[in-house]
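Presented below is the structure to which this report refers.
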Amino acid sequence: MKLKFQNIFNMFAVALLLTGGMMSVAQAEHDDDDERIPVAKNALWQTECGSCHVAYPPRLLPAESWRAVMSGLDKHFGSDASLDTKAAKEIGTFLEKNAGSSRYQSSGKPDLRITETRWFLREHDKVADRVWKNPKVNSPANCAACHTQADSGNYSEHSIRIPK
Amino acid sequence: MSRKFFISLLVAVAGLAVQPVLAETPSQILTSMASSAKAVGGYKGFSAVSGEQFFKSKHGGELSCSACHTDNPAAMGKHVKTSKAIQPLAPSANAERFTDPTKVEKWFKRNCHDVLARVCTPQEKGDVLAYLLTVK
């Protein structure tokens, strides 16, 4: 059984290689499992956008915002996060395809930060000032400080733990 | 053609296709940095002492390499801005380090830009790797 799975996996890997397919395994799975797994995944996005911080869920910003973020990666919030054009294209397409609605937008100009959207501020308005100032939190963009499963894209209330 | 044979054949082809991106060792990467340094000129061999100095100093800006990778590259690091944990940089502590030339170049480009506001020279990269290879 195990061997068989390995073979199928190999076949899949070969198919990807032979067609020069850019679509990641995770993306392919996502298309089938849309109902059961609401969290959009793409392996390249997960690695590239998850290396300096958690890979922020695409649905938390509208497509215009992701386009703006992706067009300024060499000067990304004070860091150089530049990508080669091929990777940037795949990730940009993934983000825009899974982007949220414009309710994640606060003004006319695209928000670059999730943490500055009206949605975020409203969702977190019960979090006390001293919690945001805790050095263990350091920045509201440090989702994982409170959302203990943020790494896997799970922000449910059950996995929130406010650092003391 | 049996299914099993067909699969083996596919796997063999995949093996061939994968060859050019096979992982390298840190010493292979060091060797190719030496060729780049020679091509630039003035190469005098790599120095772990210079590499350590380079790694720990701020170069006139706000950050050093050790700001995120800590003064002990065999220990876990932490991103100064995002607080995200960073796996150790020294190959002795993390076997995945310096095995993928594309990844190595990508991060040298980004991190040198953040720390020195310019690219690092092949000499500087080689010195850093020579230093990291001495960290036990």
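Proteins get letters first, then strands, A, B, ... in listed order; numbering begins at 1 in each.
- Here Gln28(B) pairs with Thr25(B) under the side chain to side chain donor-acceptor pair (under 3.5 Å) rule; sequence neighbours left out.
- The stretch residues 155-164 of chain A places none of its residues near chain B, where near means some heavy atom under 4.5 Å from a heavy atom of that chain.
- Ranking Thr102(B), Ile86(B), Leu63(B), Thr82(B) against chain A, the residue ahead of the rest is Thr82(B), based on heavy-atom pairs under 4.5 Å.
- Judged by distance alone, the side chain of Gln123(B) and the main-chain N or O of Gly45(B) form a donor-acceptor pair under 3.5 Å.
- Remark: side-chain polar atoms of Thr99(B) are not paired, donor with acceptor, to backbone N or O of Ala23(B) under 3.5 angstrom.
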Under the criterion side chain to side chain contact (heavy atoms under 4.5 Å, CB included), I'd like the reasoning laid out for Ile29(B) against Val104(B): C-alpha separation, chi angles, the key distance, then a yes or no. CA-CA 9 Å; Ile29(B) 289 182; Val104(B) 170; 4.1 Å; yes
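- Two residues are said to be in side-chain contact when any heavy atoms from C-beta on lie closer than 4.5 Å; Leu83(A) and Arg110(B) meet this criterion.
- For the set Cys52(A), Ser139(A), Ala141(A), the count of heavy-atom pairs under 4.5 angstrom toward chain B peaks at Cys52(A).
- Taking the six-membered ring where tryptophan is involved, the planes of Phe98(B) and Phe108(B) are tilted, since the angle between them lies from 30° to 60°.
- Residue Val80(B) touches chain A through its backbone alone, counting heavy-atom pairs closer than 4.5 Å.
- The disulfide bond (SG atoms under 2.5 Å apart) test applied to Cys68(B) returns no partner, not counting sequence neighbours.
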Decide side chain to side chain contact (heavy atoms under 4.5 Å, CB included) for Lys103(B) and Arg97(B); before the verdict, give the C-alpha distance in whole Å, the side-chain angles of both, and the deciding distance to 0.1 Å. CA-CA 9 Å; Lys103(B) 183 179 180 196; Arg97(B) 292 302 188 193; 3.6 Å; yes
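- Classified by interplanar angle (parallel below 30°, tilted 30° to 60°, perpendicular above 60°), the ring pair Phe120(A)/His124(A) is parallel.
- Inspection of non-hydrogen atoms places Asp74(A), Phe77(A), Gly78(A), Ser79(A) of residues 67-79 of chain A under 4.5 Å from chain B.
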Please evaluate residues Asp71(B) and Ser66(B) with respect to the criterion side-chain hydrogen bond (donor to acceptor under 3.5 Å, both in side chains), reporting the C-alpha separation (whole Å), side-chain torsions for both, the decisive distance (0.1 Å), and the verdict. CA-CA 5 Å; Asp71(B) 271 347; Ser66(B) 51; 3.3 Å; yes
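- Side-chain contact check for Tyr56(A) versus Cys49(A): every heavy-atom pair is 4.5 Å or farther apart.
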